[in-house]
Every structure is written in C-alpha cells, then in structure tokens.
There are 2 protein chains.
Amino acid sequence: MKARSHQQNDQHLTEQLGATGLRLTPQRQQVYDVLQDKCDHPTAEEVFMRAKKAMPEISHATVYNCLDALVKSGLARQVTLDRGATRYCPNMIEHGHFHCDTCATVFDVDLPKQAMKLPKGFKADHFDIAIHGVCADCAKKK
Amino acid sequence: MKARSHQQNDQHLTEQLGATGLRLTPQRQQVYDVLQDKCDHPTAEEVFMRAKKAMPEISHATVYNCLDALVKSGLARQVTLDRGATRYCPNMIEHGHFHCDTCATVFDVDLPKQAMKLPKGFKADHFDIAIHGVCADCAKKK
DNA sequence: TCAAGATTTAGAATAATTCTAAATTGGGTG
DNA sequence: CACCCAATTTAGAATTATTCTAAATCTTGA
C-alpha cells in the first residue's frame, strides 16, 4: 500500500471530515492512524487498546465516536463478518473480505466488477461482500 | 415461495440435521417454523419472542443453540448487516440482502451469477452480500 | 473575550451473546 | 421394558459489545 505522508493525511482527513460537518480532532487522527498502521481489520476494542498506547486518556466511547465519524466521512469501512464485534478497515478501494474459518484472518479480495442487479427503484449506496472459507496457507496445512 | 408440507418438512429437517450429527427436537422444529412462518429476517431475540408464543417454556439459550444448529446444518443463514443483532433467514437459495437505510427493511435480492475471483489456493465455503441503500418505496416518498 | 456548539471523558446502562451446572429427553442395548 | 449414555434444554449468571449520560473541555466565530 502506498503510504501517504502525515501532512497529506491531515489534509485528507480534514477535508473528508469537513464535508460531513465534522472536525479533525487529535483523537480522530489517532484512531485513523491506528487503522492505517496495521490494516488487520481490528475490532473497536482492539482499536481502543492500540490508541491508548499513544493517547492513554482516550476513552472507550470516544473510540466508538471516532470510528463512526470516520465511517460517516468515508475514511473507513465497517466490516461485520459474524456474530460478535464489528471490525474496521481503512482500505476504501472497492473490495470484499475473505474470512478464513481456520485461522480467522481477514483478507481483502477483489470484488466482481459486475454490478449487482437490483429491483426497479432500489438505489444502492454501498455494499459489503463477506466470503467465508479457508485461506491458501490453511488449506495447505490440512 | 412454495410451501413445504409439514411432514416433508420434518423429514427434510431430520435429514439435514442428521447429516451434521444433530437431532430434530421440538425446539429446533419450532425455531425453524418461526423462520419459515415469516421470512422477515428476525433477530435471535425476535425468534425467541415468537417461539415463546407456541412454546412458552423455551429458553433464550435454546433459541441461540437451535439457530446455530440450523445454520450448521444448512437450514438457515446468518445475516449480519450492521453493528447490532444478527438476523436469520431460511431462504437457502443463493441470494444477497438489501438493507433499506430509510425503513430498515431487509429484502432478498439476486446475486450476480459470476463467481468471486479469489487468490490462488483460497477456497470459498459460502459468501454473504449485504447491500445498503434505499428501497423503491422509500425512494419514492422523498 | 464570550457564547454556542462540538467533542471528549468516565462510568453507568443496555443489548447481545455465551457460559454453567443441573435437569430432562431420547435412543439403543441387554 | 428398564437402564445407561449422550445430546439437549433450562434458568440464570456472566461476559462482551455497544450506547447513553451528564459534566468538563475545547474550538470557532462574533
């Protein structure tokens, strides 16, 4: 993944949040940095724990609030794979998620280019594809 | 949807559960009936409340257990659309879910026939497509 | 500088799900 | 048929995930 410089990042964040009527705050920046830092689809709880290392006073509710702000502004995506905690992903390029049932890793995969055929009048805003199966490494080990 | 007679249903349930090493119990039957009865993608809590009408002694944990048994046996699908409760769907024909952000209704929609292109070695077991947007009725009302 | 509104905080509250241990049920076997 | 074993159910406690609340803090524009 091409790294964006911090300054560019700031500007990008400010713009995207601004367009949604939200401000760029140190906490939102921090939460975004956590997502960028390791794109392993962490849960809100995991984001909280990682953010706390750099910003020990950050609270639980703030992390949820920041994640929601990022999602609303199109800076992150919410990924729900199962019963259980929601995960987050800063990769905004159209893609799906492959969940390995053996090692529980989540991989980003290409979407089919072909658009979904919707009933007349329905308007899609965005869609999520979650694929469950076994990843190459786990398949090999069997 | 074509209704299956009760007796056929029983046999179908017994077979499917049996193949997974599970038994058909009155509770599992009841939970399955609830799903068949109204295919509106209820949450586990909603299934619990509906099942209780016919079977007042049924417990919370049993409903979760039954739903898991049905999902494992390929008799129902788990649908996760958002943060919040998981929903269930007895329609096992390949399809995706459209979630109207305005009225919160969940519609079944056709999947693209084209298969997902996965990285080499990955094996898909099943996949879920969740589309978020506005349904025809809600779009009209705006 | 001040007021208004946005944001954050800690912690309580709620919602969703899982766990536990005891009771019950359903087959298969002698 | 009586018994045993394993699967299942039950009630309720426990845990996990998320949201809410009210007070404190920060930011921005007048």
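Proteins come first, then strands; the chains are lettered A, B, ... in the order of their sequence lines, and each starts at number 1.
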For this session: Ignoring backbone atoms, establish whether B:R83 has a side-chain N or O less than 4.0 Å from OP1 or OP2 of C:dA15.
Result: no
For this session: Report yes if a side-chain nitrogen or oxygen of B:N65 is closer than 4.0 Å to either non-bridging phosphate oxygen (OP1 or OP2) of D:dT9; otherwise report no.
Result: yes
For this session: Report the distance from atom CD of B:Q78 to atom C1' of C:dT17, rounded to the nearest whole Å.
Result: 11 Å
For this session: May I ask you to evaluate whether B:Q27 reaches the phosphate of C:dT25, defined as a side-chain N or O under 4.0 Å from OP1 or OP2?
Result: no
Exercise. Can you tell me if the side-chain N/O atoms of A:T86 get under 4.0 Å from OP1 or OP2 in D:dT18?
Worked result: yes
Exercise. Rounded to the nearest Å, what distance is computed from the CD atom of residue A:Q29 to the P atom of nucleotide D:dT27?
Worked result: 14 Å
Seminar exercise, completed: The nucleotide from D:dT18, D:dT10, C:dT8 with an atom nearest the side chain of A:C66 is C:dT8
For this session: Whole angstrom is fine here: how far is it from CD in A:E57 over to C1' in C:dT8?
Result: 10 Å
Exercise. Checking all strands, does A:E45 fall into the base, sugar-phosphate, or nothing category for heavy-atom contacts under 4.0 angstrom?
Worked result: nothing
For this session: Indicate whether OP1 or OP2 belonging to C:dT9 is found under 4.0 Å from a side-chain N or O atom of A:T62.
Result: yes
Problem set entry | Atom-pair distance (CG on A:D82; P on C:dA16), nearest Å | 17 Å
For this session: Check the distance between D:dT19's P and A:H60's NE2 and give it to me in whole angstrom.
Result: 11 Å
For this session: State, yes or no, whether a side-chain contact exists between B:D82 and B:H99 at a heavy-atom distance under 4.5 Å.
Result: yes
Problem set entry | Residue B:R28, side-chain atoms from C-beta onward, closest of D:dT10, D:dC20, D:dT8 | D:dT8
Problem set entry | side-chain hydrogen bond (donor to acceptor under 3.5 Å, both in side chains) between A:D128 and A:H97, worked out | CA-CA 8 Å; A:D128 299 311; A:H97 291 106; over 6 Å; no
Problem set entry | Whole angstrom value for the distance that separates C1' of D:dT16 from CZ of A:F48 | 14 Å
For this session: Specify the separation, in whole Å, of atom CE of A:M49 and atom C1' of D:dA17.
Result: 13 Å
For this session: Could you check whether A:T25 gets within reach of a base, just the sugar-phosphate, or nothing at all, counting any heavy atom under 4.0 Å?
Result: sugar-phosphate
Exercise. Taking the nucleotide of DNA chain C with the closest heavy atom to each, which residue, A:L22 or A:P56, is nearer the 5' end?
Worked result: A:L22
For this session: May I ask you to decide if the ring planes of A:F48 and A:H60 are parallel, tilted or perpendicular, using 30° and 60° as cut-offs?
Result: parallel
For this session: Describe the nucleic acid contact of B:T43 in one word from base, sugar-phosphate, nothing, applying a heavy-atom distance below 4.0 Å.
Result: nothing
For this session: Identify whether A:V71 and A:V47 are in the same connected component of the hydrophobic contact network (ILVMFWY, side-chain heavy atoms under 4.5 Å).
Result: yes
Exercise. When you check the gap from the basic side-chain N to the acidic O, do A:R77 and A:D108 get nearer than 4.0 Å?
Worked result: no
Problem set entry | First of A:A44 and B:G21 reached from the 5' end of DNA chain D, by closest nucleotide | B:G21
For this session: Could you pick out which residue, B:R23 or B:A85, lies toward the 5' side of DNA chain C when each is mapped onto its nearest nucleotide?
Result: B:A85
For this session: Output all residues satisfying side-chain contact (heavy atoms from CB on, under 4.5 Å) with A:E15, sequence neighbours left out; order by chain, then residue number.
Result: A:Q11
Problem set entry | Under 4.0 angstrom between A:Y64 side-chain N/O and D:dT18 OP1 or OP2 | yes
Exercise. Separation of A:L17 atom CG from C:dT7 atom C1', in whole Å?
Worked result: 13 Å
